[in-house]
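Atom set for the values below is all heavy atoms of this structure, side chains included, hydrogens, waters and symmetry mates excluded. We name chains A, B, ... by the order of the sequence lines, and we start the count at 1 in each one. Values in this document were obtained by computation on a predicted structure and should not be read as measured data.
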Amino acid sequence: MKNGAVVDILEKFANLLEFKGENLFKINAYRRAARTIAELGEDIEKVWQEGRLDQLPGIGDAIREKVNQFLLEGRIRQFDELAAAAPREIFDLLSIQHFGPKTAALAFKELGVETVADLRRVLEDGSLSTLPGMGPKKCENILKSLKLHESSSSQISIGLAADLVARVMDHLEKTASGRFGRLSAAGSVRRYKETVHDIDILVEAEDGREIISAFAQMDGVTRVLGAGATKGSILLDDRFQVDLRAVPSESFGAALQYFTGSQEHNVHLREIAKKAGYKVNEYGIFHDDQRVGGQFEEDIYHVL
DNA sequence: TCGACGTCGCATAGCA
DNA sequence: TGCTATGCGA
DNA sequence: GTCGA
């Protein structure tokens, strides 16, 4: 069963294209193809042998050929070519928050940053901050992310995640009670995925400023990654990223559905909605641009 | 053959 | 100081 | 790059 390997190389292919600065839609095409295979209920090699590869959604001539080459020879020539022109540790580098493809390309081109160690060096000796668009704050943020990247522990077990959610909810109820309505975990925590990457919490509030500010001030916050009127993001205990979103009452249900996912589930649901003449997004469910629901999560599933 | 492909909030940098 | 563009993440 | 109009 090589499905995992195929998914992996297609996702990495997308990352390499992104680093190269390729068209965003092309990049997404590779990611979509990877997702299709990840969700495929059968052995990709079997599909391949039976010549059914391009019956899979998102796989056309070009990607089919690459998958073909991979299954035949264990490698993809174009992939190797792209990889040869990129930093040695490109995938590691891109996994550092705030160090995206554009920044990576700039640092590689101007300073020859190939590895995580290189990145640390150019951050510490200040040379990265001499590049256009790389102000002090941005460099500081990247350095913090890099340290986090090296220390963590990026996956959180569901048990610990649940504890963290309880901690946040407790805090909000104590310090901002009455200023918000419903409060719920979302994302992979709510889906009880065994391990999660970060923690998403949703709160019902017309104006999220106060509650997000309370959120950013709770005990154990070691960094405020962002805090606005509708969205806040913190680092708890130096390790755990927790995001809080404030949404108005009429779209709380839709947002809960949307941010609970999973991504594949959302894609599937939208498809169903589309066929039935509806449109679903994080703000509600619509028919002819008329809102027909969104206050409750059930609205979405009920209508469809 | 050709246009659509999700969209938005936040932080930051750079400029007027 | 305010505005806009960009990168990033989700 | 893929899909559908």
Side-chain angles (χ1 to χ4, degrees), chain A residues 10-11 13-37 53-67 76 78-79 82 93-107 128-142 144-145 148 186-189 196-202 208-209 212-213 216 223-235 241-248 251 254-255 258-263 266-267 269-271 273-275 279-284 286:
Chain A
L10 289 178
E11 278 171 356
F13 209 119
N15 286 341
L16 288 171
L17 291 171
E18 200 172 26
F19 171 80
K20 193 188 166 203
E22 262 289 1
N23 179 295
L24 187 65
F25 298 115
K26 185 192 276 198
I27 294 161
N28 283 334
Y30 278 86
R31 300 208 162 117
R32 210 179 313 131
R35 215 167 53 226
T36 295
I37 296 173
L53 273 185
D54 43 16
Q55 289 173 25
L56 301 179
I59 298 184
D61 294 349
I63 296 181
R64 182 199 61 227
E65 272 321 299
K66 290 178 176 75
V67 172
I76 300 172
Q78 295 95 324
F79 179 93
L82 286 171
L93 285 169
L94 290 180
S95 72
I96 296 169
Q97 290 218 307
H98 304 107
F99 193 75
K102 308 277 187 193
T103 311
L106 185 69
L128 188 68
S129 66
T130 65
L131 269 37
M134 296 290 111
K137 295 251 189 155
K138 182 148 201 180
C139 290
E140 183 62 19
N141 285 335
I142 294 169
K144 283 175 177 164
S145 301
L148 180 67
S188 42
V189 176
V196 303
H197 173 254
D198 60 7
I199 292 168
D200 295 306
I201 301 175
L202 219 60
R209 282 167 215 277
I212 286 169
S213 144
R223 253 180 94 192
V224 178
L225 302 159
T230 64
K231 209 165 81 175
S233 185
I234 60 173
L235 198 66
Q241 184 171 335
V242 185
D243 297 339
L244 178 71
R245 287 166 197 280
V247 297
S251 55
Y258 178 85
F259 289 111
T260 296
S262 65
Q263 192 179 1
N266 287 350
V267 169
L269 202 68
R270 284 180 179 188
E271 221 167 79
K274 204 170 179 179
K275 277 182 193 150
K279 187 161 104 85
V280 174
N281 57 28
E282 67 266 51
Y283 305 111
F286 303 85

Checklist entry - Would you say the side chain of A:Ile63 lies within less than 4.5 Å of the side chain of A:Arg32, judging by non-hydrogen atoms? => result no
Checklist entry - Any side-chain heavy atom of A:Arg270 sitting closer than 4.5 Å to one from A:Tyr258? => result yes
Would you kindly give the [atom1]-to-[atom2] distance between [X] and [N], to the nearest whole Å?
X: A:Ile27; N: B:dC5; atom1: CD1; atom2: C1'; result: 13 Å
X: A:Glu140; N: B:dA13; atom1: CD; atom2: P; result: 11 Å
X: A:Lys144; N: B:dA11; atom1: NZ; atom2: C1'; result: 13 Å
X: A:Tyr258; N: B:dG9; atom1: OH; atom2: P; result: 12 Å
X: A:Phe25; N: B:dC2; atom1: CZ; atom2: C1'; result: 14 Å
X: A:Ile63; N: B:dC5; atom1: CD1; atom2: C1'; result: 14 Å
X: A:Arg31; N: B:dC5; atom1: CZ; atom2: C1'; result: 14 Å
X: A:Glu282; N: B:dC8; atom1: CD; atom2: P; result: 8 Å

Report which part of the nucleic acid [X] touches: base, sugar-phosphate, or nothing (heavy-atom distance under 4.0 Å, all strands).
X: A:Ala33; value: nothing
X: A:Lys279; value: nothing
X: A:Asn23; value: nothing
X: A:Tyr283; value: sugar-phosphate

Item to check | Below 4.0 Å: OP1/OP2 of B:dC10 and any side-chain N or O of A:Thr230 | outcome: yes
Checklist entry - Hey, does the side chain of A:Asn141 come within less than 4.0 Å of B:dA11's phosphate (OP1/OP2), counting only N and O? => result no
Checklist outcome for this item: Contacts of A:Asp61 meeting side-chain hydrogen bond (donor to acceptor under 3.5 Å, both in side chains) (sequence neighbours excluded), chain-then-number -> A:Arg64
Item to check | Qualifying residues under side-chain hydrogen bond (donor to acceptor under 3.5 Å, both in side chains), relative to A:Glu11, sequence neighbours excluded | outcome: none
Item to check | Sugar-phosphate or base contact per nucleotide [nucleotides 5-10 of chain C; S, B, -; heavy atom under 4.0 Å] | outcome: --SSBS
Checklist entry - So which of A:Lys26, A:Arg31, A:Lys102 actually passes salt bridge (charged side-chain N to carboxylate O under 4.0 Å, His left out) with A:Glu18? => result A:Arg31
Next on the checklist: Please give the distance between the P atoms of D:dG4 and B:dG6 as a whole number of Å.
Outcome noted: 14 Å
Next on the checklist: I want to verify a distance call: between B:dA13, D:dG1, B:dG9, whose nearest atom is closest to the A:Pro136 side chain?
Outcome noted: B:dA13
Item to check | Residue A:Lys137, side-chain atoms from C-beta onward, closest of D:dG1, B:dA13, B:dC10 | outcome: B:dA13
Checklist entry - What's the spacing between A:Leu94 CG and A:Leu16 CG if we round to 0.5 Å? => result 8.5 Å
Checklist entry - Would A:Met134 and A:Thr103 count as a side chain to side chain contact (heavy atoms under 4.5 Å, CB included) if you check the C-alpha gap in whole Å, the side-chain angles of each, and the deciding distance to 0.1 Å? => result CA-CA 9 Å; A:Met134 296 290 111; A:Thr103 311; 3.8 Å; yes
Next on the checklist: Under a 3.5 Å distance rule, please check whether A:Ser233 uses its side chain to pair with a backbone N or O of A:Leu225 as donor and acceptor.
Outcome noted: no
Item to check | Partner set under side chain to side chain contact (heavy atoms under 4.5 Å, CB included) for A:Lys231, not counting sequence neighbours | outcome: A:Arg245
Next on the checklist: The criterion is ring pair (Phe, Tyr, Trp, His ring centres under 6.0 Å); which residues satisfy it with A:Tyr30, sequence neighbours excluded?
Outcome noted: A:Phe13
Checklist outcome for this item: Note: for A:Arg270 and A:Pro132 on DNA chain B, the residue whose nearest nucleotide lies more 5' is A:Arg270
Between the protein and nucleotides 3-5 of chain D, which nitrogen or oxygen pairs come in under 3.5 angstrom?
residue: D:dC3; atom: OP1; partner: A:Gly58; partner atom: N; Å: 2.9

